[in-house]
Amino acid sequence: MRADMTIPTLLSEQLTAVLRSILGEALPTEFKASVTPSQDLRFGDYQSNAAMMLAKQAKMNPRALATQVIENFGDSEIATLEIAGPGFINFRVKSEYFAARTAAMLTDERLGVALVSQPKTIVIDFSAPNVAKPMHVGHIRSTIIGDTLGRLARFMGHKVITDNHIGDWGTQFGMILWGWKNILDQNELEKDPIEALLNVYKEVNSRCKEDETLLPLCKEELVKLQSGDAENLEIWQKCIAVTKIGLEKIYSQLDITFDYWLGESAYNDALAPLVEDLIGKGIARESDGAICVFSDGFHKPQNDPFLVQKDGEWCPVPAIIRKADGGFLYATTDLATLDYRSENFKADAIWYVVGAPQEKHFKQIFDIERMRGITGDFRHVAFGSILGKDRRPFKTRSGDTVSLQDVIDEAVTRATAVVEAKSPDMPAEEKTAVAQAVGIGAIKFAELSQNRMSDYIFDWEKMLALTGDTAPYLQNSYVRVRSIFRKIDGEFVAPKSLTISENAEINLARLLVRFGEVVPSTLDDCRPNLLAAYLYELAKAFHSFYEACPVLKSEGEVRETRLALCDLTAKVLKKGMGLFGINMPERM
Ligand code: ARG
């Protein structure tokens, strides 16, 4: 058995070979028959439309071609084949094969997930809040999705570099510097630096609206900072240092780490030469005093990020990389950042986990790099908004943006109540740890079970429910599986072979084996929700199995097989949730 390949890959290889033997030259050399999971189990476990796709070209009847394929396929150790409808080929995996696969998974610490054959260096840019500016809920999404993508890619064998590209060099520092010198409460700063700086920013911002003499003073502070004034640089550095401490506190509660914290300011010195380089290469030019990049006509207008349609005409939307006053912009910094990552980190891929509103920005950045000859797997991993129950952007009662820290605190408080209700007798220390895992898990899973492009409603009751596709449901399923093993005498020793026959056993085994297909698929288009949906299916299949098939009361081989399926379920649930950064408590 080739356990290093998934079932659909193996079937696809065999099917392609058979098609080649039938069609000969008529089959394009690069053709690979697609084999996908069946939507409906009545049609087997996997199916292929290859015969239908090829029949036309080969001037054959699709059913006739499918029949020939099945005749030529021979006896497969994996599956039995059938024709369905106009020429689908259905594969029903043999229970012996599921048994062999699950047995192999029992001794495989990767649980059937093969490493990629060509590891890449992938930089993942996520979270990246702005110093002293309100953190918007988008940062929750970016932080959780980005961290998960990093874990998934690492597990697949890629070299992953996570980088927190914080906004540490914006115009907000004018107000903060003035505020630091005039209104900052040092005590508050020590207690909660992020909050203190945010309050200073908000206060100065609102004072500026009432007193018009103030804004020029703030601008003066900003100019002093930008031209290297020692006092302002020192304050600026302190702001960043305290912010980092505050952020680290949040990240550590979320169990999230970064390899680098190369904020926007890290690229300051690279900006001027970069702009000159772009001018020199004829990629950027002056327009109304500013330096801009316009379309080079490479794309069709509808795909051109430097054009927008207005009243039926295509109008230019250049990327500004230097303002008329000499200042640089977000785009300039991102170009320099991308250069750095591709040169210094030798990145093959750079994934930016940033909200959908920045789509145009990233399209332009990637296209400017194309003009400069810098290419790679550059992706804007976009996502939609988090909404309140009123379907409007999620805000606090007072209308402020919701801070990630507040979300964490509330999640843990609510999870404590859940644990309290379920296990009042649990020792206090364990209760705290479980509540932490359940609360944080609930936020993460609510995020990761969504299609990232859709907006979703932030709903405490739903995300903490013990039923449905939630972290607590999956954690509770894990706890139930693990509790079985506390009831057996001695250590559980996995059997070498399994005997799977009951439907509920087959259903569970089928899902367990799919783990090796689902995990890699999440990286195709950065879709962790595929894994979330899978884990939910797995937990449900486990519960059906547990109702249909007595485990501890069964005997001999049957008992061994069932215990092994339970053991694997626990392992896959734990590993899968671990790839989301979610802890699985042993009891709850
Ligand atoms: N600081 C930005 C924001 O809060 C996100 C930065 C994303 N990363 C990047 N390389 N542009 O919107």
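As the structure lists them, so they are numbered: ligands from 1, and atoms in each ligand from 1.
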Which protein non-hydrogen atom lies closest to atom 2 (C) of ligand 1, naming both residue and atom, and how far is it? Ala128 O, 3.6 Å

Where's the contact between Lys133 and ligand 1, heavy-atom distance under 4.0 Å: side chain, backbone, both or neither? neither

Does a side-chain N-to-carboxylate-O contact under 4.0 Å join Asp469 and Lys462? no

Taking the six-membered ring of Phe294 as reference, does the cationic atom of Arg285 (NZ for Lys, CZ for Arg) lie under 6.0 Å from its centre and within 45° of its axis? yes

Arg151 to Phe580 six-membered ring, cation-pi geometry met (6.0 Å, 45°): no

Test of understanding: given a 4.0 Å heavy-atom threshold, classify the contact between Ile166 and ligand 1 as side chain, backbone, both, or neither. neither

What pair of heavy atoms forms the shortest contact from Ala442 to Leu464, and how long is it? CB-CD2, 3.8 Å

Donor on one side chain, acceptor on other, Gln172 and Asn130, under 3.5 Å: no

Closest to atom 6 (C) of ligand 1 among protein heavy atoms sits Tyr330 OH, 3.3 Å

Close approach, Phe126 and ligand 1, non-hydrogen under 4.0 angstrom: no

Quick test of your reading of the model: are Glu231 and Lys224 salt-bridged, counting only N-O distances below 4.0 Å? no

Nearest protein heavy atom to atom 12 (O) of ligand 1, by residue and atom, and its distance? Gln358 NE2, 3.1 Å

Could you tell me whether Glu234 atom CD has more than 12 heavy atoms of other residues or ligands within 6.0 Å of it? no

With a cut-off of 4.0 Å, which atoms of ligand 1 are near a heavy atom of Tyr352? 10 (N)

Please report whether ligand 1 has a polar contact with Arg341, defined as an N or O pair separated by less than 3.5 Å (distance criterion only). no

Closest non-hydrogen protein atom to atom 4 (O) of ligand 1, residue and atom name please, with distance? His139 NE2, 3.0 Å

the protein heavy atom lying closest to atom 8 (N) of ligand 1 turns out to be Asp125 OD1, 3.1 Å

